[in-house]
There are 4 protein chains.
Amino acid sequence: MPPARKPDPGRRSERSRQAVLAAARELVAEVGYTKVTIEAIAARAGVGKQTIYRWWPSKGAVVFDSFLALSQEADDDAMALPDTGDLEADLKTVMRATVAEFADPAFEAPIRALNTEIITDPGLAAQYREKLAAPVDAVKKERLRSAQRAGQLAADADLDLVLEVLYAPLYQRWLHRSGPLTPEYADALVEVTLRAFAP
Amino acid sequence: MPPARKPDPGRRSERSRQAVLAAARELVAEVGYTKVTIEAIAARAGVGKQTIYRWWPSKGAVVFDSFLALSQEADDDAMALPDTGDLEADLKTVMRATVAEFADPAFEAPIRALNTEIITDPGLAAQYREKLAAPVDAVKKERLRSAQRAGQLAADADLDLVLEVLYAPLYQRWLHRSGPLTPEYADALVEVTLRAFAP
Amino acid sequence: MPPARKPDPGRRSERSRQAVLAAARELVAEVGYTKVTIEAIAARAGVGKQTIYRWWPSKGAVVFDSFLALSQEADDDAMALPDTGDLEADLKTVMRATVAEFADPAFEAPIRALNTEIITDPGLAAQYREKLAAPVDAVKKERLRSAQRAGQLAADADLDLVLEVLYAPLYQRWLHRSGPLTPEYADALVEVTLRAFAP
Amino acid sequence: MPPARKPDPGRRSERSRQAVLAAARELVAEVGYTKVTIEAIAARAGVGKQTIYRWWPSKGAVVFDSFLALSQEADDDAMALPDTGDLEADLKTVMRATVAEFADPAFEAPIRALNTEIITDPGLAAQYREKLAAPVDAVKKERLRSAQRAGQLAADADLDLVLEVLYAPLYQRWLHRSGPLTPEYADALVEVTLRAFAP
DNA sequence: TACTAACCGAGACGGTACGTCTGGTCTTGAG
DNA sequence: CTCAAGACCAGACGTACCGTCTCGGTTAGTA
């Protein structure tokens, strides 16, 4: 048996890769994730279908990669959290911003699409945690550690749990559309969390 | 435009309806939601495809209905929460049971499938909240109100928020596979929540 | 076993029968025989499908019956052939009329439809010969016998064969569209036939 | 409107083409033309349905092509007519052979099917005349011209008309099943035709 | 005058096939 | 060897009809 010919990444066309990712992003925004097809991505990108199948295992992987590429551009910019010394104020600022972001209809479709795939495909879920969630969480935890040192948060608090209590309710409300996402709601989550993990 | 002929529900075959819902449930469990096809459901149910298209608008709606039917059977049974007078103990019991339920691989596929559809389709999300989530939440809130009367929970606590803080982290961990679902985790969530909403 | 309930012709609704035949005729003219469906006939006639299936065995039978009904109206009128004493002149008159009839686009669709079914279904072919062709042929043969008595045709000529030689070429040309149907062609067929069967 | 993408015949798979035509021929022989479906042809041929729809516009066209392919094999063989110098004897030989051929039940189904389609579809009728009828007629006319030179047929006879008078009655009898096809009938047609077109 | 048996319009049912669309693989020709 | 292009096999999609089967509601003819 021949050793299962794998493509040689060295020869990969960067031009095609970019075109595919751009086409994927555009199509998800235009027609919604479920209606995007590999054929349409290939056609829009001016690329043969085989070129996509050669380098990505599934539609989900292509779309995921296109988000990854997007976020890595963003990383250079907004990867910093405010630290005024007042944890509650800082968290409220961040949470209100998050609420606003979720309300933006341009983010709606792609993020829901992303979640659809993550729920279904454990491989993509792992990549999501590693490549997208982890870096963002690291920054947040850094701010929380700063608060612990300042005595504004219990020193033995499990920071992963803190982030979950802070964000998961917001995230779930948005996903299930089970309630309004208001600045007041953002504030309430911060207050609840700080009371739960008070020193 | 003709007035979009609608089927007459009075003539609907209950036999076929049940067969379709049963087939849908079985197939989702066997091959996973995305690989289920309307053709397969029709074949398994011994039903013409048109009979499905006549009464349901989409695959998601069929599968959702099949879950609904399931849960309504369950309602007759386990619709009661323990009330020993000790809120923390009672909640831990419930949360540990929830954790165990999520760990059951037989629940894995259908519930992930359900979430996939809910995220995408606002109509199904609304039905989900109304028909599935609301009744369950009502029971839980009843227990919480009992605790408020007993002085174990802040009298002015927003019960929807309490439930979110309690359940959303667990739910998110499971959906994203972002951490282990252990009895200890269940306990921790209960403790954190009670501290946050202490009287 | 019950004696295979047959419908009682006594209770048959003449109203429905007429409506079905009229609808069939109209639809064949409008969309062509192959595109006519029983459902469409029933809908157009304002009749339940079962009413058609009760009284006719197939779409072909319905359409055939609708032609039969038409022709029987016509019988009262034009069932006579000219007999001026000059066989050649009389036949040319008749053949030129036939050519003109075939050229009428309103006759095109139904007659082609009729032939399609006759070719395929031996039962309909038998009915066609008996109910439609035979009466017309009888009239023509009567004229030929008159010509035999007048010494304008061989006394021992096989009249079926005479009619075939006279009409089959015309009929075939029309069916296969293998040549123009002109008055001259009609004349030529008469002349050829008379020479072949000259006394 | 986009320019209606056409398939590139250069890339067409000869393998698939042959498999489709063979499957079509077999199925028409086995179950009859009207009961043949595109799905069945595709399945039998081991071909995707799209491959049929890509290259043929209709079931009729596929079946017609399968006949065409058959006849082109036959052309190499029997494309010769006897020419003993005696026109009457030669024509009787040929007509009796034709009668025998029509009596063969193996030819029954396909040829009736062919006629069904030709009657309905002008495009196929044109193809039929050009690809199937014309070559055969050319050979026959050659024999007739030889007879004209030999003084056995009127020098000014319209050979198309001669062939029609000779064959159309036979053809019509068979199509309509309006009479027996016997060797005597074949002889009678030859005699009638020769008398009609005697020098 | 009531009963009752059939037909009637309507339309849901289990099916088959349609013609289209997409998935994922394979082939061709250019660079 | 990669790439764009696109034909290929496979099979699901949603629609249209098939022929059968209830449903109530007329509409006879019988009692």
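Chain naming here is simple, since letters A, B, ... match the order of the sequence lines and numbering starts at 1 in each.
Taking 4.5 Å as the limit, some side-chain heavy atom of A:Gln127 sits within range of a side-chain heavy atom of A:Phe64. The side-chain heavy atoms of B:Leu114 and B:Val63, taken from C-beta on, include no pair separated by under 4.5 Å.
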Distance-only donor-acceptor pairs under 3.5 Å for side chains of residues 45-54 of chain C, two or more places apart:
| unit_1 | atom_1 | unit_2 | atom_2 | d |
| --- | --- | --- | --- | --- |
| C:Lys49 | NZ | C:Glu39 | OE2 | 2.7 |

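With hydrogens and angles disregarded, a donor-acceptor distance shorter than 3.5 Å links the side chain of B:Lys59 to the backbone of B:Tyr33. Judged purely by atom type and a 3.5 angstrom limit, D:Arg112 uses its side chain to pair as donor or acceptor with the backbone of D:Leu175.
For B:Thr116, the side chain to side chain contact (heavy atoms under 4.5 Å, CB included) partners are A:Thr116, A:Ile119, A:Thr120, not counting sequence neighbours. Looking at residues two or more places apart in sequence or on another chain, you find no side chain to side chain contact (heavy atoms under 4.5 Å, CB included) involving A:Ala109. In this structure, the ring-ring contact (aromatic ring centres under 6.0 Å, His included) partners of D:Tyr128, at least two apart in sequence or on a different chain, are C:His176. With sequence neighbours excluded, no residue satisfies salt bridge (Lys or Arg N to Asp or Glu O under 4.0 Å) with C:Arg25. Residues forming a side-chain hydrogen bond (donor to acceptor under 3.5 Å, both in side chains) with C:Ser66 (at least two apart in sequence, or on another chain): none. When the salt bridge (Lys or Arg N to Asp or Glu O under 4.0 Å) test is applied to D:Glu14, the partners found at least two apart in sequence or on another chain are D:Arg17. For D:Ser13, the side chain to side chain contact (heavy atoms under 4.5 Å, CB included) partners at least two apart in sequence or on another chain are D:Arg15, D:Ser16.
Shown for residues 18-39 of chain D: residues whose heavy atoms fall under 4.0 angstrom of DNA chain E, namely D:Thr37, D:Ile38, D:Glu39. Remark: D:Lys49, D:Gln50, D:Tyr53 in residues 43-60 of chain D come within less than 4.0 Å of DNA chain E through at least one heavy atom.
Rounding to the nearest 0.5 Å places NZ of D:Lys131 at 7.5 Å from CG of D:Asp65.
A straight line from CZ of B:Arg12 to P of F:dC23 spans 17 Å, rounded to a whole angstrom.
In terms of position along DNA chain F, the nucleotide closest to A:Glu14 lies nearer the 5' end than the nucleotide closest to the other residue of the pair D:Ser13 and A:Glu14.
Between B:Ser16 and E:dA12 there is no side-chain polar atom (N or O) within less than 4.0 angstrom of OP1 or OP2.
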Would you tabulate the pairs of protein nitrogen or oxygen atoms and nucleotide nitrogen or oxygen atoms of nucleotides 26-31 of chain F closer than 3.5 angstrom?
none

Dot-bracket assigned to DNA chain F with the 3.5 Å Watson-Crick/G-U criterion, [ ] for crossing and | for other-strand pairs, is |||||||||||||||||||||||||||||||
